[in-house]
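First up is the structure itself, then whatever we jot down about it.
Counting convention: from 1, in listed order, for ligands and their atoms alike.
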Amino acid sequence: MPTTAGPSLAERLHAVLDSVADAAREASRDAASITTIVVTKFHPASMVRELHDLGMRDFGESRHQEAQPKVAELGALDATWHFVGQLQSKKARQVATYVDAIHSMDRDSLVTALAGPVLDSDSLDVRALDVFIQVNLTDDPRRGGVSPGGILPLAERVDGASGLRLRGLMAVAPLDRDARASFAEMRELSVGLMQRVPAANELSIGMSGDFREAILEGATHLRIGTAITGNRPAPG
Ligand SMILES: *Cc1c(COP(=O)(O)O)cnc(C)c1O
């Protein structure tokens with residue numbers, strides 16, 4: 001019998017979901033208004049299946065070459081797939097055939113690549129793609145995301161593109177700054193966006209280390225990896 005085993009997947013998941021519920025209560029928010037996406041990158045399809053058995057329905061991936069076969073293997077699963085990583089324009093249409101949402105929209109060329117009908121890889125139905133504009137809160141242009149000043153022009157492009165549904169904003173909190181302050185900035189940027197596109201009222205903020213702060217600032221989508229999955233194996 002293993003004596004050094006850490007908490008199980010189910011235990012980690014329930015600890016996170018309890019903390020999400022606690023933070024929602026602290027923020028006087030309904031926990032049901034917050035979607036917890038489990039970021040399963042570098043983990044096998046079998047873990048997604050286990051998480052699905054535990055009741056989870058939203059999963060996040062960040063690399064096309066890993067995500068495509070994983071989603072295909074799990075084709076029959078009733079799940080919503082979120083693409084959260086940086087996306088090459090030339091891969092974008094392929095990614096759009098198997099994901100439901102892209103959280104990393106950050107440039108015009110991606111809008112051009114994704115606009116127009118994309119057929120679902122299974123059903124061959126035309127699918128509407130949910131889009132979050134990623135905001136770069138650092139001064140480092142190599143990070144994914146548009147600068148805050150670039151949000152509204154890009155939002156208008158997405159909003160005017162057929163097949164794309166602008167849902168809101170996404171960000172990764174910079175490490176060198178208080179996460180709560182970053183998320184407060186995102187909340188303000190979201191208010192500005194909603195004045196232009198009222199339906200784009202969602203906020204994809206909060207990861208393993210900062211989801212409480214994100215919930216307090218209005219997160220509607222949390223992207224949580226390691227706190228649920230445990231440490232990621234080395235990328236394959
Ligand atoms: C990997 C990843 C996450 C999850 O990170 P954790 O710290 O493991 O929770 C969230 N968002 C993005 C964009 C990621 O690439």
_Once you restrict to heavy atoms under 4.0 Å, what part of His103 touches ligand 1? Side chain, backbone, both or neither._
neither
_Which residue is it: Arg223, His221, His82, Met186? I am looking for the one with a side chain to side chain contact (heavy atoms under 4.5 Å, CB included) to Met170._
Arg223
_Nitrogen or oxygen of Arg223 less than 3.5 angstrom from that of ligand 1_ = yes
*What protein heavy atom sits nearest atom 5 (O) of ligand 1, and how far off is it?*
Met207 CE, 3.5 Å
_With a 6.0 Å cut-off (strictly less than), is the heavy-atom count around CZ of Arg143, excluding the residue itself, greater than 12?_
no
*Answer yes or no: does an N/O atom from Gly225 fall short of 3.5 Å to an N/O atom of ligand 1?*
yes
_Can you tell whether the side chains of Arg180 and Asp178 come within less than 4.0 Å, N to carboxylate O?_
no
*Under 3.5 Å, side chain of Asp108 to main-chain N/O of Thr112, donor-acceptor pair present?*
no
*atom 13 (C) of ligand 1: which protein heavy atom is closest, and how many Å away?*
Val84 O, 3.3 Å
*asked:* Give me the residue, atom name and distance of the protein heavy atom closest to atom 14 (C) of ligand 1.
replied: Lys41 NZ, 3.0 Å
*Per-atom contacts, ligand 1 versus Ile224 - under 4.0 Å to a heavy atom*: 9 (O)
_Protein residue, atom and distance nearest to atom 6 (P) of ligand 1, heavy-atom basis_ = Ser208 OG, 3.4 Å
*May I ask you to decide if the ring planes of Tyr98 and His64 are parallel, tilted or perpendicular, using 30° and 60° as cut-offs?*
parallel
*Identify the residue among Thr35, Val38, Val39 that makes a side chain to side chain contact (heavy atoms under 4.5 Å, CB included) with Asp58.*
Thr35
